[in-house]
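Basis for what follows: all heavy atoms, side chains included, without hydrogens, waters or symmetry-related copies.
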Amino acid sequence: MESYLKGDQQLKWWMIGVSIMATQASAVTFLSTPGQAIEDGMRFIQFYFGLPLAMVIISVTMLPIYYKLKVYTAYEYLETRFDLKTRTLAAILFLILRGLSAGITLFAPALVLATILGWNIFFTTLLIGVLVIIYTVSGGSNAVSITQRYQMTVILGGMILAGIMAFALLPNDISFIDSVKVAGELGKLNMVTTDFSWSDRYNIWSGLLASTFLFLSYFGTDQSQVARYLGGKSLTESRMGLIFNGLLKIPMQFLILFIGVLVFVFYLFNQPPVFHNQVLLTQARQAQSGTEISLLETEFNKVYEIKRFAVQQIVKGIHQDNKNDIRDAKELYFLSKHKEDSIKTKTKNAIARAIPGAKTQDKDYIFLNFVLHYLPHGVIGLLLAVMFSAAMSSMSSELNALASTTTIDVYKRIVKPEAAPAHYLSSSKWFTIMWSLLAMGFAMLANFAENLIQFVNIVGSLFYGTILGIFLVAFYIKHVKSNAVFWAAVIAESVVLACYFYFYEQIAFLYYNIIGCSVVVTLSVIFQLFDSEKIKAE
């Protein structure tokens with residue numbers, strides 16, 4: 001059990017850092033993040049501004065406690081501090097959260113393979129899921145950590161090459177500085193947004209405040225991450241691994257987003273399709289909307305020519321340092337861009353009518369479409385390897401964490417408390433298979449309306465705030481007892497779900513983390529106060 005769930009505890013700091021990054025950086029990151037930059041610019045990077053701060057807090061406060069107690073999972077500590085029901089609640093919230101996330105992690109590469117080869121997504125999901133099951137069940141935590149090293153090498157090498165190729169394919173008269181200036185003029189280098197709004201998902205305030213809560217919960221209480229640094233050689237090595245992740249993650253996300261910006265600039269000079277999911281577009285043409293889609297494509301191409309002329313004028317204005325020409329060209333660009341967006345919306349509606357239930361959100365296909373149609377075949381193969389390596393590295397960590405939490409926090413503690421270690425080892429392997437099958441089922445059946453990178457973070461934000469609140473009370477508010485924090489957590493989770501279902505447009509999902517955490521801490525203190533008064537009265 002010790003070896004299977006925690007590894008040999010000989011990981012050095014750089015291996016811990018790589019393993020943590022590989023767990024977080026799923027195929028969704030590399031498939032969806034460039035599309036996020038193309039559509040919305042680089043402001044998504046603000047989401048990670050709170051990460052270094054969270055790494056320092058975890059290293060100083062949470063990590064020493066986990067090492068001192070020698071826990072298998074983060075949730076064991078909660079029973080020591082509170083009781084079984086609080087531990088079980090936190091474990092169940094994690095299992096729901098991570099089980100859903102594992103399905104999304106698997107969905108992204110299955111989608112890639114299905115799109116490229118024209119296969120059924122049920123088959124591609126099964127293919128990838130079985131591959132991950134084989135080595136995760138066979139080798140446990142050690143297999144996860146060892147494979148992640150090689151997977152991250154492929155990932156980083158492939159993405160850097162993609163960025164180089166995106167720039168190399170720009171027209172010869174467009175320099176790197178030109179491409180950056182054009183992107184800046186068109187609002188794609190919006191890395192810092194200082195305006196505060198509850199409904200704005202990505203600004204400096206949500207990045208420094210709300211995402212700090214999210215990362216504290218993700219890295220401090222999510223077993224898929226806790227298991228990575230509990231396998232460290234020592235407390236110092238684990239701390240250095242966390243700090244390494246905090247320092248390197250922002251540059252890595254900057255690189256991926258900037259690759260998206262370069263692809264955006266590429267499509268300013270090269271005709272993009274009206275809809276990037278070419279397989280779905282072809283299916284719609286073959287159905288009843290073929291004529292309508294063809295007319296929309298013709299109209300889109302005409303508008304694009306006007307937009308390209310506007311971009312060329314912007315470049316000319318940049319070369320001549322003529323601000324008036326740049327301003328006039330930008331007006332023409334945004335006017336044509338507005339018309340383009342209108343045509344895209346009509347195309348999506350036509351596809352939806354032709355293929356009921358089809359996913360017409362195509363952000364996740366922009367980068368993939370660029371790779372498949374413009375890069376050399378060897379590079380295409382490498383980038384597909386990036387997608388699959390990222391999927392496997394994240395999914396294997398998630399399955400290992402799901403299995404260990406189910407075994408240690410539920411099965412061993414509640415279902416079968418007294419059994420031989422060999423029995424629990426076998427149970428862990430079977431739970432790994434069970435969660436794999438559930439993730440595969442979720443990936444096959446779900447229809448993700450959001451951009452995938454956002455959907456992953458939305459799912460996390462629905463549960464992380466409540467889990468973090470329980471742990472903060474456990475660590476820092478020593479007089480609060482189990483009943484108070486348990487019922488506070490139940491109410492907090494209800495409040496967060498209400499925010500999502502009834503106030504989705506008004507409250508950006510990152511703030512769910514602050515709301516959930518704050519409600520748990522506040523109500524647990526109030527409930528404990530009333531409980532103490534009740535005891536005094538009696």
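Here OG of Ser482 is found 8.5 Å from CD of Gln528. Values are rounded to the nearest 0.5 Å. The CG atom of Leu281 lies 5.5 Å from the CD atom of Gln278; values are rounded to the nearest 0.5 Å. Interatomic distance, CG of Leu127 versus CZ of Phe122, reported as 15.0 Å (0.5 Å rounding). Interatomic distance, Glu39 CD to Lys188 NZ, rounded to the nearest 0.5 Å: 6.5 Å. To the nearest 0.5 Å, atom OG of residue Ser342 and atom NZ of residue Lys337 are 11.5 Å apart. To the nearest 0.5 Å, the span separating CD on Glu340 from OG1 on Thr347 amounts to 10.5 Å.
Remark: the Asn277 side chain and the Tyr365 side chain contain an N/O donor-acceptor pair separated by less than 3.5 Å. Judged purely by distance below 3.5 Å, without hydrogens or angles, the side chains of Asp83 and Thr86 pair a donor atom with an acceptor atom.
Put simply, the side chain of Thr407 never gets that close to the backbone of Ser404: no donor and acceptor are under 3.5 Å apart. Here the side chain of Arg43 pairs no donor or acceptor atom with the backbone of Met191 at under 3.5 angstrom. Within the 3.5 Å criterion, the main-chain N or O of Phe47 finds a donor-acceptor partner in the side chain of Ser211. Side chain of Asp40 to backbone of Gln36: no donor-acceptor contact under 3.5 angstrom is found.
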Requested in this report: Report the C-alpha distance between Phe527 and Phe530 in whole Å, list the side-chain angles of each, state the deciding distance to 0.1 Å, and finish with yes or no for ring pair (Phe, Tyr, Trp, His ring centres under 6.0 Å).
Outcome: CA-CA 5 Å; Phe527 290 166; Phe530 279 104; 8.0 Å; no
Report task. Tell me, with the steps shown, if Asn513 and Leu468 meet side-chain contact (heavy atoms from CB on, under 4.5 Å). Result -> CA-CA 8 Å; Asn513 299 284; Leu468 178 61; over 6 Å; no
Report task. Please step through side-chain contact (heavy atoms from CB on, under 4.5 Å) for the pair Leu402 and Leu95, ending with a clear verdict. Result -> CA-CA 6 Å; Leu402 287 163; Leu95 291 172; 3.7 Å; yes
Query raised in the report: Would Trp435 and Thr406 count as a side-chain contact (heavy atoms from CB on, under 4.5 Å) if you check the C-alpha gap in whole Å, the side-chain angles of each, and the deciding distance to 0.1 Å?
Result: CA-CA 10 Å; Trp435 282 110; Thr406 308; 2.8 Å; yes
Requested in this report: Report the C-alpha separation of Tyr75 and Phe94 in whole Å, then their side-chain angles, then the decisive distance to 0.1 Å, and conclude whether the ring pair (Phe, Tyr, Trp, His ring centres under 6.0 Å) test is met.
Outcome: CA-CA 10 Å; Tyr75 315 108; Phe94 164 74; 5.5 Å; yes
Requested in this report: Output, in order, the C-alpha distance, side-chain angles, deciding distance and verdict of side-chain contact (heavy atoms from CB on, under 4.5 Å) for Tyr218 and Tyr464.
Outcome: CA-CA 7 Å; Tyr218 178 52; Tyr464 276 139; 2.7 Å; yes
Requested in this report: Using the ring pair (Phe, Tyr, Trp, His ring centres under 6.0 Å) rule, take His276 and Tyr267 through it: C-alpha gap first, then chi angles, then the decisive distance, then the call.
Outcome: CA-CA 12 Å; His276 285 275; Tyr267 276 128; 5.6 Å; yes
Requested in this report: Begin from the C-alpha positions of Thr221 and Ser217 and carry the test side-chain hydrogen bond (donor to acceptor under 3.5 Å, both in side chains) through to its verdict.
Outcome: CA-CA 5 Å; Thr221 69; Ser217 188; 3.2 Å; yes
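Taking the six-membered ring where tryptophan is involved, the planes of Phe219 and Phe215 are tilted, since the angle between them lies from 30° to 60°. Phe471 and Phe475 have tilted rings, their planes meeting at an angle from 30° to 60° on a 0 to 90° scale.
In this structure, the side chains of Asn245 and Leu51 come closer than 4.5 Å at one or more pairs of heavy atoms. Within the 4.5 Å cutoff, the side chain of Pro272 has heavy atoms near those of the Phe300 side chain. A heavy-atom distance below 4.5 Å is not found between the side chains of Thr80 and Glu76. Phe266 is not listed as a side-chain neighbour of Leu262, based on a closest heavy-atom distance of 4.5 Å or more. Side-chain contact between Thr466 and Cys517: absent, with no pair of heavy atoms (C-beta onward) separated by less than 4.5 Å. Side-chain contact between Met395 and Ser101 is absent, with no heavy atoms from C-beta onward closer than 4.5 Å. Side-chain atoms of Met55 and Lys249, non-hydrogen and from C-beta on, never get closer than 4.5 Å to each other. Contact check for Ile256 versus Gln253: side-chain heavy atoms found under the 4.5 Å cut-off.
Nearest heavy-atom pair across Ile477 and Arg81 is O-NH2, 2.7 Å. Heavy-atom minimum distance, Gly41 versus Leu257: O-CD2, 4.5 Å. Across every non-hydrogen atom of Phe82 and Ile470, the tightest pair is CE1-O, 3.9 Å. Summarising the geometry of Val459 relative to Phe463, their closest heavy-atom pair is O-CD1, 3.4 Å, with the distance given to 0.1 Å. The heavy-atom pair separating Ser524 from Ala484 by the smallest distance is O-CB, 3.4 Å. Across every non-hydrogen atom of Val520 and Ala492, the tightest pair is CG2-CB, 3.3 Å.
Atom CZ of Phe503 is surrounded by 12 or fewer heavy atoms from other residues, nucleotides or ligands within 6.0 Å. For Tyr476, the OH atom sits in a packed shell: over 12 heavy atoms of surrounding residues, nucleotides or ligands are nearer than 6.0 Å.
Classification of Glu79 and Arg413 as a salt-bridged pair holds, one side-chain N sitting under 4.0 Å from a carboxylate O.
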